[in-house]
Each structure stands twice: as C-alpha cells, then as structure tokens.
Novice: 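Right, I'll just put the structure down here and ask away after.
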Amino acid sequence: MEWHLIPAAACAAIGAASGLLVPRIIGSTPEPEPDPEEKPGEYPDKIPYAELAARPRLTVGSVVAGGLAGAALGVVLGWSWALPWLLVLLPVGTALAVIDYVTWYLPSRIIRPAYAVVGVLVLVASAARPDWRYAAASALGFVLIGGYYGILRFISPRMMAGGDVRLGALLGLALGPFGVMTLLLSVLLAAVSMLVALPAMRLLGNTVKREEGVLGGLGRRHLPFGPFLIVGALLAVLLGQVLVLG
C-alpha cells in the first residue's frame, strides 16, 4: 500500500496541537452527580476534573499521543474525507480516555456534543462527494456498535456502563463509513487490548473487584473500558486500511 507522508506530517501537527486542548476539555467538564447505587469503596476515590486537568504531564502526554495518532491516520488514509472527523475525535478521545482511566466515568457532556460534530462532518463529506452512502454507513455504525454495547449493558449493567454504550455509539458513527469489517475489528481489538492490559493494570491497582467467584473467593476483575474502546477504534481504522489496501 501507499504511505502518504505529506498528509502524515500535516495530521501529526494538527493532532499534536489538538493535544493542547485536552486539559481544557477535562477542566471545563462539570463534575458528575453522585451515584446512589455505588457501594462505598467500590471505586477509587474520585479525583476532581480540575485537579486532573492540572497534572503537569497531562499536556505533554496529550500532545505526544495526538501527534502520533494523527501521523498514523495521515500516513494510512492520505487526504481522506474521513480525516476531519477523526482528527476532531483525537482530543475528545484523549480526554475521555484519561478521565475514564482515572475516575471510572465517561462524561456525557463530552460525548454528546461530539455526536453532533461528527454527524455534521459526515454529512458535509457525503454532500461534497456526493455520496450519501457515507451518511448511511455512519448511521449504521452508530446503531450496530451502540446497539451491541447496549445489549451487553442490558445483560450485565455492572459490567458495561452507560458511558461505554454512548462512547461506543460515537465511535460507530465515526467508523461506519470504513465498512462493517472495521466496525467488527474495533469491537474485537477493544476486547483484546483490555485482556492484554489486565495483568499490568491489576499490578498497578487499576481494577475493581465487583463479584465473588466460585473458587475460593476469586472474583471478577473489571477495568475502565473507555480507553480500550478508543484504542480499539484507532487500531481498527489503521489495520482495516492496511488489510484492504495492502
């Protein structure tokens, strides 16, 4: 396949610059209402968003992450119609990944406006081509991925949170135009990346034990799923294009 170096450089610069927005996005997010169903001590102590946004390494890490992700998207996709909404999602995804990793919560105040932005950019791309299959595929991705995670939440609300369902639907909206294979890859890679990270995160104390198992008190360990949804979506776009074009 062809590697697009000029788009990669441009997207790397845009992605790195967008990383500067991450602390502002996190710091301006309202604190969530207390969950009456949450058991005391079930989750780590809540860290205020303003405190999280002020962490000294957050900006540097966000700039590096945005630059690397932008470069990867540019080198694989080239000057694609999908670049605008994928680049918009870089700071949004980074902010959500950081918040969920630290606080175990995915704020709707960040996710819901992103629906509108991605939806408008998809419609603009569909009208400009003109090819309304983009918009139809985006809507299908929204329904399929959001519906899949919604079913998992219905089956086990303690395993799949509402924020995970909303984030999954947002990623489905963005990935729909890449095809069903990319959607399936995003689901698979999110699960695989979570399983790969589980041992390290247990050692770091970033898991919670919610349910008692049947073997000597062994319990099920749970992770914040948002970061893996985002990583899985990014890898799905990159790997999907390599498989299609390679």
Novice: For Tyr148, does the OH atom have more than 12 heavy-atom neighbours from other residues, nucleotides or ligands under 6.0 Å away?
Specialist: no
Novice: Treating Ile, Leu, Val, Met, Phe, Trp and Tyr as nodes and any side-chain heavy-atom pair under 4.5 angstrom as an edge, say whether Tyr149 and Phe154 lie in one connected cluster.
Specialist: no
Novice: Is there a side-chain contact (heavy atoms from CB on, under 4.5 Å) between Leu89 and Leu170 once you walk through the steps?
Specialist: CA-CA 10 Å; Leu89 285 179; Leu170 172 63; 4.1 Å; yes
Novice: Should Leu77 and Phe178 be marked as a side-chain contact (heavy atoms from CB on, under 4.5 Å) after you check the CA-CA gap, both sets of side-chain angles, and the distance that decides it?
Specialist: CA-CA 11 Å; Leu77 297 179; Phe178 291 95; 3.7 Å; yes
Novice: Is a donor on one side and an acceptor on the other found under 3.5 Å between the side chain of Ser126 and the backbone of Ala135?
Specialist: yes
Novice: Could you tell me the separation between the CD1 atom of Ile110 and the OG1 atom of Thr29, rounded to the nearest 0.5 Å?
Specialist: 3.5 Å
Novice: Rounded to the nearest 0.5 Å, what's the gap from CD1 on Ile145 to CG on Leu167? Could you check?
Specialist: 11.0 Å
Novice: One pair to check against side-chain contact (heavy atoms from CB on, under 4.5 Å): Trp79 and His4. What are the steps and the verdict?
Specialist: CA-CA 8 Å; Trp79 297 119; His4 307 278; over 6 Å; no
Novice: Among the clusters formed by ILVMFWY side chains lying less than 4.5 Å apart, do Leu52 and Val63 turn up in the same one?
Specialist: no
Novice: Evaluate Trp81 against Val122 for side-chain contact (heavy atoms from CB on, under 4.5 Å), listing each step before the verdict.
Specialist: CA-CA 8 Å; Trp81 283 106; Val122 169; over 6 Å; no
Novice: Within the structure provided, determine whether Leu234 and Leu73 are in side-chain contact (heavy-atom separation under 4.5 Å).
Specialist: yes
Novice: Donor-acceptor pair, Asp100 side chain versus Tyr105 backbone, under 3.5 Å?
Specialist: yes
Novice: Say you draw a straight line from CG of Leu175 to CG of Leu140; how long is it, rounded to the nearest 0.5 Å?
Specialist: 12.0 Å
